[in-house]
Protein chains: 2
Amino acid sequence: MTNDETAADGPLRKFRRQSPDERRHALMEATLRCLAEHGAEKTSIRTICREADVSVGLINHYYSGKEALIADVYERVANDLLATLRDEMDRAGGDARTRLSGFFQASFSSVNLDAGLLRVWLSFWSMTHQSHSVAAVHDRTYRMYLQTLEGLLAELASERPNRALDVRLTAIGLSGVLDGLWVEWCLNPRTFSPAEAVRICEACLDGLLATGLSPTASADGAPASAPGGR
Amino acid sequence: MTNDETAADGPLRKFRRQSPDERRHALMEATLRCLAEHGAEKTSIRTICREADVSVGLINHYYSGKEALIADVYERVANDLLATLRDEMDRAGGDARTRLSGFFQASFSSVNLDAGLLRVWLSFWSMTHQSHSVAAVHDRTYRMYLQTLEGLLAELASERPNRALDVRLTAIGLSGVLDGLWVEWCLNPRTFSPAEAVRICEACLDGLLATGLSPTASADGAPASAPGGR
DNA sequence: GCATTTGTTGAACGATTGTTCAGTAGCCGG
DNA sequence: CCGGCTACTGAACAATCGTTCAACAAATGC
């Protein structure tokens, strides 16, 4: 079952040589499955190798260590996620507001709403402290994530030139709601539904757009009754 | 230095007997320091015992295992955080809107903005999968956290009876922004400032209040241009 | 002062960790 | 068909993991 050799190969072959690219990809996939299933704490070199159906020594042949492997997986997972979100966003519609809604809905689609996926991201985040490379991957991918949101918001702002809008802060706020709700849903799916999460994001976006979060406002965090607070 | 015996005790005493409550408290504090410093992966029974200046066997005398100890720490940390937030909130002012601002500011005060503290929470969250008790602590404490926000929002809604407001969903949204921004700040403090985080929360709150998130709205997550959207 | 209670120790257990490296074997050019 | 390259194996390593438990010692009551 774990060995999908063609039948003609016979039982004699001990292993199959693969190109570095193929093998690296297989190792990353196996690592991903292990992280999702057991979490970072229980994911050992041996667990990964058993999942990938290779021997313990192979990982250190392709990677300098466990840390480098996981950093590589992080980069791949983050890029895949962003690509998926962008696809769904573009599929949603033409104007910026509709595409933002598509972004929200894709964020809370069944593909992403998985406790295993949360375990994967928690593993990455826990490693940012001990591993420079993992922290670097986080910075790089999160910046791209923000840039995607900023692009949409800039487009949306140009459609409504009468209002000022701090694109950077608004994007940060959106990513905050999205991430926060996603984490909480994965930790306890019974608290709210994905559809409710999307509605919350829409409402927050409207609030961020109305306020504008203009950079000219006072720098300190004074509470100050909100200007449009009625 | 680690032994603060009174001078008269002399160098002969090997250890000091303590009451179960004292010892349990000391073990929890030591565990907290270890989780903040090294993360869950590198926090072993031996690390904790060295930090608490006790022998390896003592933990299993007070707790059924590592898991039970950490669940206990989780409960304590979550309760302490909520108590602090409530204090700062009440200190902020009288009306609900001002107290909510106080809640925001306390969430992003220097006490909470610590990468070590994030490591602690990541440890807890990663364990919800393998440990029933840790998951139970999360459910219980997060519910109390939500109830605090819901109380403030209900109070705020009663001050403005003309608008409908889904208190539950709004509280979930707020907790999402707060958590999401907090996690992201701890992962990379250079992206935005605490004061900016507070401003974002205020703007999101205004948006949530304006929309009302009334439960009568369509249940599906249809984008639909927001009713009050200018 | 002595016996009792029990908080505390620390050696020892088997299991598992990441990494190393000498050796094996699949595959490709000849 | 055969040498050579190298992807690959897997035993072995030292270190560390969580847990156990018999022995020890500090406090308490007598």
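What's counted below: heavy atoms across the whole structure, side chains too, no hydrogens, waters or symmetry copies. Proteins come first, then strands; the chains are lettered A, B, ... in the order of their sequence lines, and each starts at number 1. Keep in mind the model is a prediction, meaning the values are calculated, not measured.
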Which residue lies toward the 5' end of DNA chain D, Arg46(B) or Leu58(A), if each is placed at its nearest nucleotide?
-> Leu58(A)

Given atom [atom1] of [X] and atom [atom2] of [N], what is their separation to the nearest angstrom?
{"X": "Lys42(B)", "N": "dG18(D)", "atom1": "NZ", "atom2": "C1'", "value": "16 Å"}
{"X": "Arg16(A)", "N": "dT24(C)", "atom1": "CZ", "atom2": "P", "value": "24 Å"}
{"X": "Ile48(A)", "N": "dT9(D)", "atom1": "CD1", "atom2": "P", "value": "15 Å"}
{"X": "Leu69(A)", "N": "dT19(C)", "atom1": "CG", "atom2": "P", "value": "10 Å"}
{"X": "Glu67(B)", "N": "dG18(D)", "atom1": "CD", "atom2": "P", "value": "13 Å"}
{"X": "Tyr63(B)", "N": "dT20(D)", "atom1": "OH", "atom2": "P", "value": "17 Å"}
{"X": "Phe15(B)", "N": "dG7(C)", "atom1": "CZ", "atom2": "P", "value": "11 Å"}
{"X": "Ile45(B)", "N": "dA12(C)", "atom1": "CD1", "atom2": "P", "value": "20 Å"}

At less than 4.0 Å, is any side-chain N or O atom of [X] found next to OP1 or OP2 of [N]? Yes or no.
{"X": "Ser55(A)", "N": "dT9(D)", "answer": "yes"}
{"X": "Ser44(B)", "N": "dT16(D)", "answer": "no"}
{"X": "Tyr62(B)", "N": "dT8(C)", "answer": "yes"}

Considering heavy-atom distances to DNA chain C, does Arg17(B) or Gly57(B) have its closest nucleotide positioned more toward the 5' end?
-> Arg17(B)

Contacts table for residues 33-40 of chain A: side-chain donor-acceptor under 3.5 angstrom, sequence neighbours left out:
from	atom 1	to	atom 2	distance (Å)
Arg33(A)	NE	Glu51(A)	OE2	2.6
Arg33(A)	NH2	Glu51(A)	OE2	3.4
His38(A)	ND1	Cys34(A)	O	3.4

Would you classify Arg23(B) as touching base, sugar-phosphate or nothing, given that sugar-phosphate means primed atoms plus P, OP1 and OP2, and contacts are heavy atoms under 4.0 Å?
-> sugar-phosphate

Starting at CH2 of Trp182(A), measure out to CG of Asp114(A) and round the result to the nearest 0.5 Å.
-> 8.5 Å

Evaluate the side-chain proximity of Asp179(B) to Tyr145(B): yes if any heavy-atom separation is below 4.5 Å, no if none is.
-> yes

Taking the side chain as every heavy atom from C-beta outward, state whether Leu118(B) and Trp185(B) have any atom pair closer than 4.5 Å.
-> no

For the residue pair Trp121(A) and Tyr74(A), categorise the inter-ring angle as parallel (less than 30°), tilted (30 to 60°) or perpendicular (more than 60°).
-> perpendicular

Given [options], which nucleotide is nearest the side-chain atoms of [X]?
{"X": "His61(B)", "options": "dG7(C), dG18(D), dG26(C)", "result": "dG7(C)"}
{"X": "Val56(A)", "options": "dA7(D), dC17(D), dT19(C)", "result": "dT19(C)"}
{"X": "Arg13(A)", "options": "dT8(C), dA11(D), dG26(C)", "result": "dG26(C)"}
{"X": "Asn60(B)", "options": "dT19(D), dG10(D), dG7(C)", "result": "dT19(D)"}

